[in-house]
Amino acid sequence: MGIKLLIIGGVAGGATAAARARRVSEDAEIIVFERGEFISFANCGLPYYIGNVIKRRAHLLLATPKEFKNRYNIDVRIFSEVVGISVKEKTVEIKNTATGETYRESYDKLILSPGAEPIKPPLEGIDLENIFHLRNVPDSDRIKKIVDERNPRRAVVVGGGFIGLEMAENLTERGVKTTIVEMLDQVMPSLDYEMATLIHEHLEAKGVELEFENAVKSFSKIRDRILVSTQKGREIACDLVLLSVGIRPENKLAVRADLKIGPTGGIAVDDTMRTSDPDIYAVGDAVEVRDIVTGFPTLTALAGPANKQARIAADNALGRKSIFNGTLGTSVVKVFDMVLASTGANEKFLKKHDLPYFVSYTHSGSHAGYYPGATNTSIKLLFSPGTGSVLGAQIVGKKGVDKRIDVLATAIRAKMTVFDLEELELAYAPPYSSAKDPINICGFVASNILKGDMEIAHWSELETLQQNGEILIDLRTKFELNHEGKIEGALHIPIDELRSGLSELDSKKTYIPFCAVGFRGYLAHRILVQNGFHSRNLSGGFMTYAMANKKQ
């Protein structure tokens with residue numbers, strides 16, 4: 001008889017660990033405990049089920065306990081909450097949530113996959129009817145029932161992260177006027193502010209109201225509706241509230257078992273996913289792992305890392321040697337017609353920890369401009385000032401965002417530099433890309449910065465630089481100025497007239513040429529420096545400046 005493996009939690013991490021364990025050992029006795037009714041369900045699809053994009057509820061249920069038993073010979077026990085672990089006796093205590101009965105089960109090896117729990121702030125009225133979290137299938141059933149049967153006119157989504165944005169989209173598409181209330185000045189904290197503003201504009205264009213730098217103070221009943229009162233005194237009457245203010249690792253079992261908890265609050269594990277107890281492993285949203293870029297401990301509530309960790313934990317629990325090398329937090333989310341994605345470190349994190357970095361902004365077509373349907377792809381690249389190693393990236397656009405963030409995530413994993421990005425040979429045909437892919441373009445720009453071919457200024461520096469006497473040169477056409485806006489105090493010299501106008505410039509001044517996205521600015525910079533002027537190009541051009549300075 002093989003070892004006895006118990007797995008606590010039957011969704012992404014737990015179900016994957018169980019299936020992997022069976023493939024590794026046909027002899028192991030494997031039992032999965034899940035406190036809810038469902039295992040292996042597609043929790044990432046829940047907002048789209050509420051929005052009727054996913055039509056059939058059954059499509060969310062990837063496997064049933066019976067199917068697991070038939071295919072994998074795994075004993076899956078639903079409505080079974082593990083309430084205690086005795087590491088000394090190597091047993092767990094299980095409570096049947098349907099009957100209240102408890103019993104014990106012994107183990108040789110144990111894998112924890114408890115996930116993360118939604119943060120429930122201690123606000124007045126938070127337990128009122130029709131205030132929801134969205135964590136599992138029953139949650140989605142309750143929300144969908146209200147949307148289907150009561151035709152709500154208005155909803156408030158508290159928090160602008162993944163679930164908040166996806167629910168705002170799906171409720172809006174169902175005809176529910178939705179307001180996002182967010183404490184920060186932006187949605188999606190994984191993005192830096194200037195990149196998030198591109199999504200703000202799109203959300204408002206789709207009818208979503210944004211209430212930034214404001215927090216919910218309380219909830220109260222007003223006839224058959226909910227009154228959401230904010231810290232700034234605003235009151236919003238609505239028919240349902242979705243709370244999406246963040247999550248925290250479910251570490252209670254681990255704490256009671258005296259397992260080590262890391263500084264982030266996640267269960268501490270080594271690179272084999274082993275906890276401080278040699279016979280207990282942990283995976284998924286509840287664990288603290290290593291950030292690949294910085295080496296710092298981090299939490300990553302994403303399905304991809306959870307599944308990989310689950311395979312690794314199962315291997316090691318059954319005697320194989322597998323290693324988890326860390327996470328980049330690579331993510332992508334659809335917001336109506338736009339897509340936003342990120343990987344690696346953002347600027348806020350690097351700045352907070354005083355880590356050296358350079359930044360470049362590029363705005364490229366998703367595919368060849370002469371082929372119909374090309375859209376803009378905005379890329380923010382963060383890279384090392386010394387080696388040019390890629391540290392992180394953020395992309396906002398409509399087409400091809402997912403494949404480009406995947407290229408950059410792979411580049412970070414492979415320890416590639418911006419010079420490597422220049423040389424990547426990526427698939428090209430007019431409907432899909434350009435001969436110089438947006439990834440190549442961001443590599444060219446970043447490499448030019450490192451090689452000294454281009455000195456840059458950033459949107460955040462302009463006010464100070466102008467106060468210090470540096471002069472902006474707007475290279476765009478009059479048509480662009482009139483239709484896109486201007487930067488106060490800038491000279492207007494179209495790029496094609498720059499050479500002939502050099503005699504009118506002061507060689508003792510520093511000039512900051514800019515255009516719409518940065519390319520003409522680069523050309524002007526090269527003209528200026530080779531004619532004896534000091535110059536720096538505005539990174540990302542007017543587009544980056546405008547989106548960073550756009551207030552809602």
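All values below were derived from every heavy atom in this structure, side-chain atoms included, with hydrogens, water molecules and symmetry-related copies excluded. Numbering of residues begins at 1 and proceeds along the displayed sequence.
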(request) Could you verify whether a donor N or O on one side chain and an acceptor N or O on the other, from E288 and T264, lie under 3.5 Å apart? (result) yes
(message) If only side-chain N and O atoms count, and only distance matters, is there a donor-acceptor pair under 3.5 Å linking T91 with R104?
(response) yes
(message) Could you go through D75 and R77, starting from their C-alpha distance and side-chain angles, then the distance that decides it, and tell me whether this counts as salt bridge (charged side-chain N to carboxylate O under 4.0 Å, His left out)?
(response) CA-CA 6 Å; D75 181 2; R77 303 177 189 179; 2.9 Å; yes
Check for a donor-acceptor pair, side chain of [X] on one end and backbone N or O of [Y] on the other, with a separation under 3.5 Å.
X: H202; Y: F336; value: no
X: K55; Y: N52; value: yes
X: T300; Y: L302; value: no
X: T197; Y: M547; value: yes
X: K380; Y: N346; value: no
X: D437; Y: S433; value: no
X: Q186; Y: L191; value: yes
X: E29; Y: K4; value: no
X: K399; Y: S366; value: no
X: N96; Y: S80; value: no

Kindly give the heavy-atom pair with the smallest separation between [X] and [Y], and that separation in Å.
X: V332; Y: F162; answer: O-CE2, 4.3 Å
X: R35; Y: T97; answer: O-OG1, 3.7 Å
X: Q309; Y: V283; answer: O-CG1, 3.5 Å
X: D185; Y: H200; answer: O-CE1, 3.7 Å
X: S342; Y: Q394; answer: CB-CG, 4.0 Å
X: E67; Y: T64; answer: OE1-N, 2.9 Å

Strictly below 4.0 Å, N to O, side chains only: are [X] and [Y] in salt-bridge contact?
X: R248; Y: E117; value: yes
X: E124; Y: K217; value: no
X: D279; Y: K109; value: yes
X: D239; Y: R225; value: yes
X: D258; Y: R256; value: no
X: R154; Y: E209; value: yes
X: D277; Y: K260; value: no

Atom pairs and distances, side-chain donor-acceptor, residues 12-26, under 3.5 Å, sequence neighbours left out:
unit_1, atom_1, unit_2, atom_2, d
T16, OG1, A12, O, 2.8
T16, OG1, N307, OD1, 2.5
R20, NE, D315, OD1, 2.8
R20, NH2, D315, OD1, 3.2
R20, NH2, D315, OD2, 3.2
R22, NE, Y72, O, 2.6
R22, NH1, S25, O, 2.8
R22, NH1, E26, O, 3.3
R22, NH1, A28, O, 2.9
R22, NH2, A28, O, 3.0
R22, NH2, N73, O, 2.9
S25, OG, D27, N, 3.3
S25, OG, A28, N, 3.1

(message) Could you go through T327 and R290, starting from their C-alpha distance and side-chain angles, then the distance that decides it, and tell me whether this counts as side-chain hydrogen bond (donor to acceptor under 3.5 Å, both in side chains)?
(response) CA-CA 6 Å; T327 182; R290 186 180 67 87; over 6 Å; no
(request) Compare all side-chain heavy atoms of F219 with those of N130 and state whether any distance is below 4.5 angstrom. (result) no
(request) Report the residues that fulfil salt bridge (charged side-chain N to carboxylate O under 4.0 Å, His left out) with K334, sequence neighbours left out, ordered by chain and then residue number. (result) E169
(message) Using the rule given for side-chain hydrogen bond (donor to acceptor under 3.5 Å, both in side chains), can you reason through T230 versus N214, listing the C-alpha separation, both sets of side-chain angles and the distance that settles it, and then say yes or no?
(response) CA-CA 7 Å; T230 72; N214 204 353; 3.0 Å; yes
(request) Kindly indicate, with the supporting measurements, whether the criterion side-chain contact (heavy atoms from CB on, under 4.5 Å) is fulfilled by D127 and K120. (result) CA-CA 10 Å; D127 293 318; K120 186 176 180 180; 2.4 Å; yes
(message) Here's one to test your reading of the geometry: is the NZ or CZ of K144 within 45 degrees of the ring axis of Y49 and under 6.0 Å from its centre?
(response) yes
(request) Decide yes or no on side-chain hydrogen bond (donor to acceptor under 3.5 Å, both in side chains) for S378 and N376, but give the supporting numbers first. (result) CA-CA 6 Å; S378 297; N376 181 63; 2.9 Å; yes
(request) Please report the C-alpha distance between D141 and R57 in whole Å, then the side-chain angles of each, then the deciding distance to 0.1 Å, and finally whether the salt bridge (charged side-chain N to carboxylate O under 4.0 Å, His left out) criterion is met. (result) CA-CA 9 Å; D141 289 339; R57 182 175 181 271; 2.9 Å; yes
(request) Show your working on salt bridge (charged side-chain N to carboxylate O under 4.0 Å, His left out) between E211 and R234 and close with a plain yes or no. (result) CA-CA 10 Å; E211 183 72 27; R234 186 169 177 205; 2.8 Å; yes
(message) Using side-chain contact (heavy atoms from CB on, under 4.5 Å), reason through L318 and N316 one step at a time and then give a plain yes or no.
(response) CA-CA 5 Å; L318 291 169; N316 288 298; over 6 Å; no
